[in-house]
Structure formats: C-alpha cells, structure tokens
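Everything on this sheet refers to the single structure shown next.
In this text the structure is predicted, and so the values were computed from the model without any measurement. Numbering of ligands and ligand atoms starts at 1, following listing order.
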Amino acid sequence: MAARFRAPKGTRDLLPPETALWAAVEAIARETFERYGFREIRTPLLEETELFARGVGEGTDIVGKEMYSFVDKGGRNVTLRPENTASVCRAYVEHGMQQLPQPVKLFYIGPQFRYERPQKGRYRQFHQIGAELLGGFGQWADAEVLLLLVAFLRELQFTGLRVMLNTVGDESSRAAFRSALVAYLEPRKDHLGEASRRRLETNPLRILDSKDPEEQEVLSGAPHLRDHLSRASRNHFAGVCRLLESSGIEFELSPRLVRGLDYYTNTVFEIVSEGLGSQNAICGGGAYERLIEELGGKPTYAVGFAIGEDRLIEVLPESFRRGIATRCRVIVAPIGTASSHGAKSLYAEGVLDGALLVCDYFRRNGISAEWAAGKPERVFKIAEGTGARFAVFVGEEELAAGRVSLRDLETREQEQMTREEALNFLQRFLP
Ligand code: HAM
C-alpha cells in the first residue's frame, strides 16, 4: 500500500538502528565538549527574521533565498533558524553573559532549516553540533576551538579528515581586497554567470567560492586576499598557524576558502571528507569579531564552528559503527500464554537489575502456535529478524522448572539453564 503522507521534501525520519549512531555521537560530543569547559545552550528554533538578516548578512544565499520565514498570527516576522551562531550571540547579549567571567564557552546540538535544493548530504532540515567561544582572546581562542574540534573527531575514530584553514582578514583588509577584486572582475563580467554578476554588486568575495569551470578560469588570475591583509591580520593568522603546529594539529592552507556567511573576520576553516560528493564539508567555522556588537552588545571577540551531523554520520569510520552495532541486544520471548507472565517478569528483572544492556519484550501473534505445531525454526527466524544477539525463550515446561532456553542468534547455539544462570551469562556482554 502506498503511503498517503511522506516526510516533507528535504526532511527525513531518522530510524533505528541508525538513531543509535546519532545518540552515540551526541553523547561523545557532550562528553568531549564538557571536558573542554563548554556547556550546553538551547536556543529557540524560531527567531525574529531580522536577527539573521543582520547577523548572517543580507547578501548571503542563506538570507537571500534559503530561509523558512513567515509572519506569525501576531504579525511578527519569524524564521526557522538556518544556523545557530546568531542565536547564541543574541542570547549572550540578552542574558548579560558579557558580565560573566570570560570567555563564555557554549555548545549546541540540534536541527537547522534551510530551503536548499536537496541532494546527497544536503537537506532542508539538517542537524548541527556546534560550539562558540565568546569573549576569548584572539589567536588562542581560534586555536582552542580547533583543538576541541579535532579532539572530538578523534574520539569518533576519524583519521583521514582534512582541516582547511584560511584568513578572510579584518575589515580594512577586506575593504582593500574587495575593491581590487571588483576592479579585476568588472571588465570580465561577461564570463561570469548570472548569480556571480549579482554578487559582484552584493557580495563579491563569494564569487571566489564558485565551482563553475568557466568562472574558475577567470578567477585563476584574480587578486589574492593574502596580498591585501593588514599587518594585524597577517600577524593574527601567523599566530594561529604557529599555535596549531605546536599543538600537533595538521591543517592545509586554503587561500580560496571563503565562507558563505558574512560575519567572519580573520580565521576561517572547514573540514572536508572524502565520500560525500560535492557536499564534502562536514564542518565550517571561524572567528567573528563584529557580530556581537552588531547585535547590540559590546565589541567581543568570538570564534566557533558547526559540524553538519547528517554528513558526519554518513562518513563515520567503520570501526566506530561496528562498536555501536555489536552492543548486545536481548529479547525475551514467551511461548504459550501461561508463560507470558514469567517472561515479562524476567524482562523486568533484566532491565531492573541492569543485567541486560538492552532487553526487549517480544510478543507476536502466532508464536505459541508455531511452537506448539513443532515449528520452532519459524520462531527462531522471527527472533533473528529483530536484530537481537540473544533470545531467551520461556516455555511453560521450562517456567515450571524455573528454567529458560537461551539462544545465541548468531551461532544458533541454544542451552537450557536457570534464570540466574541466564542473567549471569548475559552480564558478560555488558560493554
Ligand atoms: P555552515 O558552513 O553554513 O556554517 O554550516 C556548517 C555545516 O553544517 C556545514 O559544513 C555542513 O556540514 C552542514 N550543513 C549546512 N547546510 C546543510 C544542509 N542543507 N544539509 C546538511 N548539512 C548542512 C554555519 O552554520 C556557522 N554557524 C558555523 C559557525 C559557528 N561559525 C562560527 N560558529
């Protein structure tokens, strides 16, 4: 039967067993971030539209065409958050966190919304794991968030990820570069596509991001930002690179890396992974020195990143996946109505005394009949289909004798034993 309703385009249901991976990744994120002194913030999914227009920037793709914006019943313009940095800064100012000892280190995990064309690794509702360090001190703050980021990815057993690093300079560097870039591109306008011609007016730096071969050709001769960096920006970037090197963090310089959001100053970075096709960035971030002021706070140095959790899960190392998948699941299956009570109590006992890591109570019409008809094979098949590692069968005879049958669903070995023996045996499979 065809389903009448489907999840809206660009959104999806996350289902078991995949959700176990999500939970494990998030638990490790919390553990690691807290170890580095970051604490969780949860901001609303909905914000005033103006926050993003100001924060992320009018000329960006996000604000220009990707926001889920609407007028609510009270006539307010609101938007489903397309990212979380602007909200975190809004909360920082709103709750007077500038009065707290600095830096304030916050992390978040949750859905974001962008009306983009869905494709592999790109969704309209996607999920980010992010961290923001607010009120920190320049290059040290930049290095600190990168250290945290790399530590987290190591916990997930990643090895081959590439950290791409660049600087977009401070305001004065950028103004100088912007003029040089526009002066170079203006006479070559005919070789640019429509979107880039528009960006020439609104946000010329973003043209550098183009993947179009003809535009790339034009861009290959374009001026470089690094030749327009102010002295302060040059020193800042050199300092960050030195700190990362001395911390043993490997990175690649990526002079053409510009980010799709307007708030960045100086350090920007992305982490890219193989195996994701064109949407290969699993993380983006950088420093933003002006945003908090822009939102009404005191000038505050800040830096952060957001990992796209959907993409991260997609490329999780096999070793990590296996570790999660082999967690022992046990199902308890009553055979015959009289034993149903016994099975339930065993289930309750297993869960309550923590002996079983995961324990399911398993009931299915017809099981007892199959069993009674001398077709236990069918019952075993059903049990195997649940994905559990062990099944504990509780038949009426066994129940009377205080015994159960424990079946290893992988090796298909089965043994009768007392309930206590079964619980003891399963203990060995705790992580
Ligand atoms: P962003 O680069 O726009 O930065 O997003 C960060 C990550 O979110 C991307 O690298 C990607 O993995 C994931 N992502 C973005 N859009 C989608 C999508 N449509 N589908 C799936 N994944 C997606 C930010 O959002 C900044 N707030 C990061 C930041 C924090 N900068 C400073 N602090």
Side-chain heavy atoms of V88 within contact of F107, under 4.5 Å: no
Taking the side chain as everything from C-beta on, heavy atoms only, tell me whether Q128 gets closer than 4.5 Å to I307. no
Below 4.0 angstrom, N of the basic side chain to O of the carboxylate: do E116 and K65 qualify? no
I want to check a possible cation-pi pair here: R154 against F152, using under 6.0 Å from ring centre and within 45° of the ring axis as the test. no
Six-ring centre of F380, R412 cation under 6.0 angstrom, axis tolerance 45°: no
Neighbour list for ligand 1 [protein residues, heavy atom under 4.0 Å]: E83, T85, Y108, R114, E116, G121, R122, Y123, F126, Q128, E132, R259, L261, Y263, Y264, A281, I282, C283, G284, G285, G286, Y288, G304, F305, A306, G308, R311
Non-neighbouring partners of Y92 that pass ring-ring contact (aromatic ring centres under 6.0 Å, His included), sequence neighbours left out: none
